[in-house]
Amino acid sequence: MTAFQKLCYDTLKHHVPAGSVTTYGNLAKLMKHPKAYRAVGTAMNKNPNAPEVPCHRVVKSNGELGDYAFGSNLKQKRLQEEGVQVVNNKIVNFKDICL
DNA sequence: ACCATGGCCGCGT
DNA sequence: AACGCGGCCATGG
């Protein structure tokens, strides 16, 4: 496990509660690596222990689900179980629940 | 050390 | 509103 990955997982775990979501780009900013959003996706893909580490709460900047290591269908399921509405592969009220 | 690839982003057309 | 395109950066071969 690299330091960068640990930073991703910790930041995510501490900054994004159930019921809300964030984006790869935003998570990168929170880590003080504003331009590493792409690398964040790579890290999420490695995804050590989901859903312990809530990588399913990280979505695209346009409100679409984005991908998921275990299938975007499962990502949607996980989100809905936390009360996040998803319709047509997009987050409902994205602007309101995105940090 | 080099190259390619990805759970991406924003801008321009 | 839908593409295309270049930029960015950690990983793996």
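Note on naming: letters A, B, ... go to the chains in the order of the sequence lines (proteins, then strands), and numbering restarts at 1 for each one.
- Here the C1' atom of nucleotide C/dG7 and the OH atom of A/Y37 are 6 Å apart, to the nearest Å.
- Residue side chain A/Y68 does not reach the base of B/dG7 through any donor-acceptor N/O pair under 3.5 Å, judged by distance alone.
- When rounded to the nearest whole Å, the span between CZ of A/F4 and P of C/dT11 equals 7 Å.
- Side-chain atoms of A/K75 never come within 3.5 Å of backbone atoms of A/C55 as a donor-acceptor pair (strictly under, hydrogens ignored).
- Rounded to a whole Å, the NZ atom of A/K35 is 5 Å from the P atom of C/dC9.
- At the heavy-atom level, A/G25 lies under 4.0 Å from the strands shown only through sugar-phosphate atoms.
- With B/dG7, B/dC9, C/dA10 as the choices, the nucleotide that has an atom nearest any side-chain atom of A/K60 turns out to be B/dC9.
- For A/R38, counting side-chain heavy atoms from C-beta on, the closest listed nucleotide (B/dG6, B/dG7, C/dT11) is B/dG6.
- Here the P atom of nucleotide B/dC9 and the CD atom of A/E64 are 10 Å apart, to the nearest Å.
- When rounded to the nearest whole Å, the span between NZ of A/K6 and P of C/dA10 equals 18 Å.
- Within the 4.5 Å cutoff, the side chain of A/K46 has heavy atoms near those of the A/Y9 side chain.
- Using a 4.0 Å cut-off, some side-chain N or O of A/K46 falls inside it from OP1 or OP2 of C/dG12.
- No side-chain heavy atom of A/L30 sits less than 4.5 Å from a side-chain heavy atom of A/L99.
- For the atom pair CG of A/N89 and CD of A/Q76, the computed distance is 7.0 Å after rounding to the nearest 0.5 Å.
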All N/O contacts under 3.5 Å from nucleotides 10-13 of chain B to the protein, with atom names and distances to one decimal?
{"unit_1": "B/dG10", "atom_1": "OP2", "unit_2": "A/S61", "atom_2": "OG", "d": "3.3"}

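- Taking atom NZ of residue A/K90 and atom P of nucleotide B/dG7, one finds them 21 Å apart after rounding to whole Å.
- The backbone N or O of A/E64 sits less than 3.5 Å from a side-chain atom of A/N62, completing a donor-acceptor pair.
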Go through it in stages, so that I can follow the logic: the residues are A/C8 and A/M44, the test is side-chain contact (heavy atoms from CB on, under 4.5 Å), and I'd like the CA-CA distance, side-chain angles, deciding distance and then a yes or no. CA-CA 8 Å; A/C8 284; A/M44 292 299 119; 3.8 Å; yes
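- Among all heavy-atom pairs drawn from A/Y24 and A/K60, the shortest one is CE1-N, 3.9 Å.
- Base pairing of C/dC9 is made with B/dG6, judged by Watson-Crick or G-U wobble geometry with both donor-acceptor distances under 3.5 Å.
- Here A/N62 lies out of heavy-atom contact (under 4.0 Å) with every strand.
- Within 4.0 Å of A/V40, counting heavy atoms only, lies no atom of the nucleic acid at all.
- In terms of position on DNA chain B, the residue among A/V59 and A/T42 whose nearest nucleotide sits closer to the 5' end is A/T42.
- The side chain of A/T2 contributes an N or O atom lying less than 4.0 Å from OP1 or OP2 of C/dT11.
- For the pair A/L74/A/K77, a side-chain contact is recorded, criterion being any heavy-atom separation below 4.5 Å from C-beta on.
- If you measure from atom OH of A/Y9 to atom P of B/dG7, you get 12 Å, rounded to the nearest angstrom.
- Across the protein-nucleic acid pair, A/N45 atom CG and B/dC8 atom P stand 9 Å apart, rounded to whole Å.
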